[in-house]
Amino acid sequence: MGDEKKIPEGQTPPDASHDSPWETALAQLDEAAELMGLAPGVHEILRVPKRSLIVSVPFRMDDGSTRVYQGTRVHHNVTRGPAKGGIRYHPDMGFDETKALAMWMTWKCAVVDIPFGGAKGGVAVDPREHTRAELERMTRRYASEILPFIGPERDIPAPDMNTDEEIMAWIMDTYSQNQGYSVPGVVTGKPVSIGGSKGRGGATSRGVMYTIFSTLKRLGLGIEEVSVAIQGHGKVGGFLGQLLHDAGCRVVAISDVGGGLYKERGLDPEAINRHKREAGSVVGYPGADPITNEELLQVDCDVLIPAAIESVITVKNADRIRARVVCEAANGPITFEADRILVDRGIFVVPDILANSGGVTVSYFEWVQDIQAYFWTEEEVNDRLRLIMERSFDAVYDLAEAKGLTMRQAAHWIGVGRVAEAHLTRGLFP
Ligand code: NAD
């Protein structure tokens with residue numbers, strides 16, 4: 001299953017000669033539209049974000065000077081419910097990238113069948129250049145600038161790269177100060193003390209783990225037989241390494257932006273976490289061989305998990321990937337053409353919109369708990385997450401089997417299909 005891309009005979013694949021996330025996202029949508037015979041009008045609507053905001057974010061530095069960055073917030077689609085998506089702080093955070101990430105959020109929410117649309121936003125900033133006080137002033141100003149866009153019934157931001165629960169708390173507070181009362185449901189991924197959900201912090205990693213377990217089951221592999229390499233040691237990749245290690249997998253390679261580590265017999269994630277807390281990076285950990293991020297992608301392992309940034313597997317390195325399974329914990333780590341190469345080589349690719357949907361799923365649980373002001377135990381959260389991840393994986397796998405699609409094509413078929421159905425049911429205004 002899944003070893004051939006299904007492009008109907010005589011039809012050319014969508015153009016994807018570039019590697020940018022937006023071009024990848026569009027090519028994936030176009031391919032899904034063609035495969036499923038999507039109504040052309042709906043296809044046209046879905047190719048364009050519903051609304052986009054570009055804002056200027058001026059704030060005071062600790063030395064009294066002023067700094068100005070560009071911020072964005074894009075709502076790709078809100079037909080199935082309020083927009084939902086993370087806020088990223090990254091120097092390369094541009095408008096096109098935000099549009100791609102927002103589109104993927106739309107499909108992701110639909111694949112796991114939660115009643116949200118897709119959004120994304122961020123600030124083009126390198127947070128390492130700023131103190132926490134500067135980041136707080138910048139965050140509060142960015143939140144003020146996007147205030148008319150967000151709200152529990154409009155758009156609910158969450159953490160993404162370089163943003164965390166404290167930053168969510170500042171956004172929640174800024175929004176609430178403007179309303180004159182507390183509005184916990186305006187963001188998810190916030191601290192439990194102000195309405196966050198138990199289990200949200202590790203939800204994306206846990207969801208990736210459940211997806212890997214489902215994959216291994218279908219491929220007839222035992223959890224304790226497999227070796228794993230993880231690129232990115234942040235909120236998702238760091239905890240995932242620990243979870244997979246605890247489950248019995250051999251974690252042979254991990255990395256962060258500074259570089260990576262390799263040990264064939266298996267790394268000790270806990271010892272690496274201790275080293276990182278002191279050194280600020282996994283780099284320099286004495287118990288393993290240093291490798292580059294590029295080398296990490298090419299190590300001999302069963303499951304490769306990109307958990308850092310977009311477009312790391314491209315036509316330039318796709319034929320050197322040696323893993324049997326690539327599970328996308330990051331959003332958009334494989335370009336459209338590279339995906340094709342991996343699948344042609346028989347590598348089982350689990351797409352981002354399925355694999356990393358655990359985060360938005362528990363964000364949905366958090367929003368539900370905030371609205372009801374009734375909170376669940378961590379066990380309830382994890383059990384419900386597991387149920388949704390397994391159900392969604394099975395639906396995608398079964399569709400892929402039935403129609404001879406790749407996992408990505410099947411996930412898009414389901415995600416795009418649910419959004420299209422909502423459009424057609426509501427009709428076109430006016
Ligand atoms: P994070 O900021 O906590 O961690 C990012 C990690 O990637 C860090 O270890 C960083 O050093 C590393 N990194 C950054 N640039 C790199 C590069 N060029 N090469 C190698 N490593 C690099 O971010 P996160 O929240 O863990 O998100 C990671 C990915 O997962 C992103 O693609 C994000 O969109 C996706 N994701 C996150 C969540 C979530 O709940 N946080 C949910 C779904 C998807």
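Position 1 is the first residue of the sequence, and the numbers go up from there. All values below were derived from every heavy atom in this structure, side-chain atoms included, with hydrogens, water molecules and symmetry-related copies excluded. Just follow the structure's listing: the first ligand is 1, and inside any ligand the first atom is 1.
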Rounded to the nearest 0.5 Å, what separates atom CG in Leu35 from atom CD in Gln409? 5.0 Å

Heavy-atom contacts with Gly232 under 4.0 Å: which atoms of ligand 1 show up? List them by number with element. 7 (O), 9 (O)

Would you say the ring centers of Phe59 and His130 fall short of 6.0 Å from each other? yes

Electrostatic pair Arg140-Glu136, nearest N-O below 4.0 angstrom: yes

Starting from atom 31 (C) of ligand 1, what is the nearest protein heavy atom, named by residue and atom, and what distance separates them? Ala308 O, 3.1 Å

Cationic N near anionic O, under 4.0 Å, Glu165 to Arg200: no

Which ligand 1 atoms are under 4.0 Å away from a heavy-atom of Asp160? 25 (O), 33 (C), 34 (O), 37 (C)

For Trp376 and Phe365, take the angle between the two ring planes, folded into 0 to 90°, and tell me which bin it lands in: parallel under 30, tilted 30 to 60, perpendicular over 60. tilted

Taking only heavy atoms of Asn293 into account, list the atoms of ligand 1 that are under 4.0 Å away from them. 19 (N), 20 (C)

Atom 1 (P) of ligand 1: closest protein heavy atom, distance to 0.1 Å, is Lys235 NZ, 3.6 Å

The atoms of ligand 1 lying under 4.0 Å from a heavy atom of Asn331, numbered in the order shown, are 32 (O), 33 (C), 34 (O), 35 (C), 36 (N), 44 (C)

Side chain, backbone, both or neither: which applies to Ala158 and ligand 1 if a contact is any heavy-atom pair less than 4.0 Å apart? neither

For ligand 1, indicate whether the residue Asn356 contacts it via side chain, backbone, both or neither (heavy-atom separation under 4.0 Å). both

Closer than 4.0 angstrom: is that true for some heavy atom of Arg88 and an atom of ligand 1? yes

State whether Arg88 and Glu97 are salt-bridged, where the test is any N-O pair (Lys NZ or Arg NE/NH1/NH2 against Asp/Glu carboxylate O) under 4.0 Å. yes

Pair Asp155 + Arg51: basic N to acidic O under 4.0 Å: no

Is it the side chain (CB and beyond), the backbone, both or neither of Arg200 that lies under 4.0 Å from ligand 1, heavy atoms counted? side chain

Looking only at protein heavy atoms, which one is nearest to atom 18 (N) of ligand 1, and how far off is it? Ile309 CD1, 3.3 Å

Would you indicate which of Pro159, Gly202, Gly234 comes nearest to atom 4 (O) of ligand 1 when only heavy atoms are counted? Gly234

Protein heavy-atom partner closest to atom 2 (O) of ligand 1 - residue, atom, separation in Å: Asn162 N, 2.9 Å

Check this for me: does any side-chain nitrogen of one of Arg218 and Glu401 sit under 4.0 Å from a carboxylate oxygen of the other? no

Check whether the side chains of Asp268 and His245 place a donor and an acceptor atom closer than 3.5 Å, and report yes or no. no

Trp367 and Phe116 aromatic ring geometry - parallel, tilted or perpendicular at 30°/60° bounds: perpendicular

So, regarding Lys108 and ligand 1 (criterion: nitrogen or oxygen to nitrogen or oxygen, under 3.5 Å), is there a contact or not? no

Kindly confirm or rule out an N or O of His233 lying under 3.5 angstrom from an N or O of ligand 1. yes

Using a strict 4.0 Å threshold on nitrogen-to-oxygen distance, state whether Asp164 and Arg132 make a salt bridge. yes

Less than 3.5 Å between some nitrogen or oxygen of Thr204 and one of ligand 1, yes or no? yes

Note: Asp160-Lys120 ion pair, threshold 4.0 Å (strictly below): yes

Taking non-hydrogen atoms only, is Val257 closer than 4.0 angstrom to ligand 1 via side chain, backbone, both or neither? both

Counting only heavy atoms closer than 4.0 Å, does ligand 1 sit against the backbone of Ala329, its side chain, both, or neither? backbone

What protein heavy atom lies closest to atom 28 (C) of ligand 1? Include the residue and the distance to one decimal. Ala307 O, 3.4 Å

closest protein heavy atom to atom 27 (O) of ligand 1 is Met161 CG, 3.8 Å

Could you check whether Asp96 pairs with Lys99 (Lys NZ or Arg NE/NH1/NH2 to Asp/Glu carboxylate O, under 4.0 Å)? yes

His90 N/O to ligand 1 N/O under 3.5 Å: no

What is the nearest protein non-hydrogen atom to atom 37 (C) of ligand 1, stated with its residue, atom name and distance? Val236 CG2, 3.5 Å

